[in-house]
Amino acid sequence: MSSVLRPASTGQDPTTAGAYRPISTHLAITPPVSVVIPAMNEAENLPYVFKTLPSWIHEVVLVDGNSTDGTVEVARELWPDVKVVEQRGKGKGDALITGFEAATGDIIVMVDADGSADGNEIVSYVSALVSGADFAKGSRFANGGGTDDMTPIRKLGNWALCTAVNRKFGARYTDLCYGYNAFWRHCLDKIELDCTGFEIETLINIRVVKAGLKVQEIPSHEYLRIHGTSNLRAVRDGLRVLKVILKERSNRRALRRREQHSPMLDSVLDSARGEVS
């Protein structure tokens, strides 16, 4: 691992807020972009991940889940000014929440550490955000997207869960359980994240819709994991996703009941105040 993909920063303040940077012929400028990468024992995959990351991004935040294979060392060799954050809890959701808190960019991009995501697509996500979207959602099933890493059973499960979310929450997603997304930092103030596992992606998607944020899907191609074995378990994690959907639906119904009862309660209180006066 002797080749460095990006030189260390040279005297410029990497935390300058609002520092717009030139990108390419496709996108003239961008606000600071933070790429959050949760990783646990992904040393062999990181060279492939970092190789495709654009040089113009503001920072890379690597959330290390107590790796024992030199993940942190490899990351620092590949990207000298990488921000390494130690994960204290467990699970992908916990890692992402930790990374979001550490990120300083105006735009935050979620990228997996297994080599399945192409960092060259980040420009499309950022383009959607600077064009007016609040949340740029990667989709393997939008026109132009694709996947090399889904069995027919997983595709069926994803379709069923996606359909449930669309019907229950009024969304128009073509993909649900995909971890390549980007959003403006202000979105975090409107979607409280409170789960620790793979279901974090579904929770984000649901709460973005419930918050009324503007969503644009971005066609994305998912590649096979390059090295190692995924911690994803289709049945177990599918049930956890379903549990999140049911819980969020229940919470939405409870909120509607409170909103419906509030005018009646206000009327009763007004009458009581009138009698007292």
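For the numbers below, each heavy atom of this structure counts, side chains included, while hydrogens, waters and symmetry mates do not. We number each residue from 1, following the sequence as shown.
- Minimum interatomic distance between V209 and A171 (heavy atoms only, all atoms of both residues): CG2-CB, 3.8 Å.
- W184 places a side-chain N or O within donor-acceptor distance of the main-chain N or O of A133, the cut-off being under 3.5 Å.
- Shortest non-hydrogen contact noted between V63 and G99 is CG2-CA, 3.5 Å.
- Here CG of N45 is found 5.0 Å from CD of E42. Values are rounded to the nearest 0.5 Å.
- Hydrophobic cluster membership is shared by I206 and L246, with clusters built from Ile, Leu, Val, Met, Phe, Trp and Tyr side chains linked at under 4.5 angstrom.
- For the pair V215 and V208, the minimum side-chain heavy-atom distance is below 4.5 Å.
- Judged by distance alone, with hydrogens and angles left aside, the side-chain atoms of R76 form no donor-acceptor pair with the main-chain N or O of V82 at under 3.5 Å.
- Between the side chain of D134 and the backbone N or O of L213 there is no donor-acceptor pair closer than 3.5 Å.
- Under the 4.5 Å side-chain heavy-atom criterion for Ile, Leu, Val, Met, Phe, Trp and Tyr, V109 and Y223 are members of distinct hydrophobic clusters.
- Note: S34 OG to I107 CD1 = 9.5 Å, rounded to the nearest 0.5 Å.
- T71 and A39 get closest at one heavy-atom pair: CG2-CB, 4.1 Å.
- Put simply, the side chain of V36 reaches to within 4.5 Å of the side chain of I108, judged on heavy atoms.
- Side-chain contact between E59 and I57 is absent, with no heavy-atom pair separated by less than 4.5 Å.
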Name every donor-acceptor pair, under 3.5 Å, that has one atom in a side chain of residues 195-205 and the other anywhere in the protein, sequence neighbours excluded.
residue: E199; atom: OE1; partner: R240; partner atom: NE; Å: 3.3
residue: E199; atom: OE2; partner: R240; partner atom: NH2; Å: 3.1
residue: E201; atom: OE2; partner: K92; partner atom: NZ; Å: 2.5
residue: N205; atom: ND2; partner: L176; partner atom: O; Å: 2.8
residue: N205; atom: ND2; partner: E201; partner atom: O; Å: 3.1

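- Under a cutoff of 6.0 Å and an axis angle of 45°, K137 and Y173 form a cation-pi pair.
- Within the 4.5 Å cutoff, the side chain of K51 has no heavy atoms near those of the L78 side chain.
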Practice item. Please assess L62 against V85 for the test side-chain contact (heavy atoms from CB on, under 4.5 Å), listing each intermediate value before the final yes or no. Key: CA-CA 6 Å; L62 181 85; V85 182; over 6 Å; no
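- Only one option out of M40, E86, Q87 pairs with N66 in a side chain to side chain contact (heavy atoms under 4.5 Å, CB included); it is E86.
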For residues 119-126, which side-chain donor-acceptor pairs fall under 3.5 Å, sequence neighbours excluded?
residue: N120; atom: ND2; partner: D118; partner atom: OD1; Å: 3.0
residue: E121; atom: OE1; partner: S220; partner atom: OG; Å: 2.6
residue: E121; atom: OE2; partner: H221; partner atom: N; Å: 3.1
residue: Y125; atom: OH; partner: Y180; partner atom: O; Å: 3.1

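- R225 contributes no side-chain N or O that, together with a main-chain N or O of G115, makes up a donor-acceptor pair within less than 3.5 Å.
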Exercise for review: Could you give me the CA-CA distance, side-chain angles and deciding distance for M110 and Y178, then say whether side-chain contact (heavy atoms from CB on, under 4.5 Å) is met?
Suggested key: CA-CA 10 Å; M110 307 158 45; Y178 189 43; over 6 Å; no
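- The aromatic rings of F135 and F183 sit parallel to each other, their planes meeting at less than 30°, with 60° as the upper class boundary.
- Note that the CD1 atom of I218 and the CZ atom of R140 stand 15.0 Å from one another [nearest 0.5 Å].
- For N143, the CG atom counts as loosely surrounded, since its 6.0 Å shell holds 12 or fewer non-hydrogen atoms of other residues, nucleotides or ligands.
- Atom CZ in F141 sits 8.0 Å away from atom OG1 in T174 (nearest 0.5 Å).
- Here CG of L242 is found 13.5 Å from NZ of K247. Values are rounded to the nearest 0.5 Å.
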Check your understanding: Under the side-chain contact (heavy atoms from CB on, under 4.5 Å) criterion, do V241 and C177 qualify, and how do the steps go?
Key -> CA-CA 8 Å; V241 168; C177 307; 4.3 Å; yes
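- L46 and A113 make their closest contact through CD2-CB, 4.2 Å (heavy atoms, listed as atom of the first residue, atom of the second, distance).
- The two residues S139 and A142 have their closest heavy-atom pair at OG-N, 3.0 Å.
- The side-chain heavy atoms of N158 and M150, taken from C-beta on, include a pair separated by under 4.5 Å.
- Expressed to the nearest 0.5 Å, how far CD1 of I226 lies from CG of D114 amounts to 8.0 Å.
- Under a 4.0 Å N-O distance rule, the pair R207/E192 does not qualify as a salt bridge.
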Point to revise | Residues V60, L53; criterion side-chain contact (heavy atoms from CB on, under 4.5 Å); working and verdict | key: CA-CA 9 Å; V60 176; L53 293 181; 3.9 Å; yes
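- In this structure the side chain of S116 never reaches within 4.5 angstrom of the side chain of D149, judged on heavy atoms.
- The neighbour count for F100 CZ, taken as heavy atoms of other residues, nucleotides or ligands under 6.0 Å away, is above 12.
- For the pair N41 and S67, the tightest heavy-atom approach, listed with the atom from each and the gap, is N-OG, 2.8 Å.
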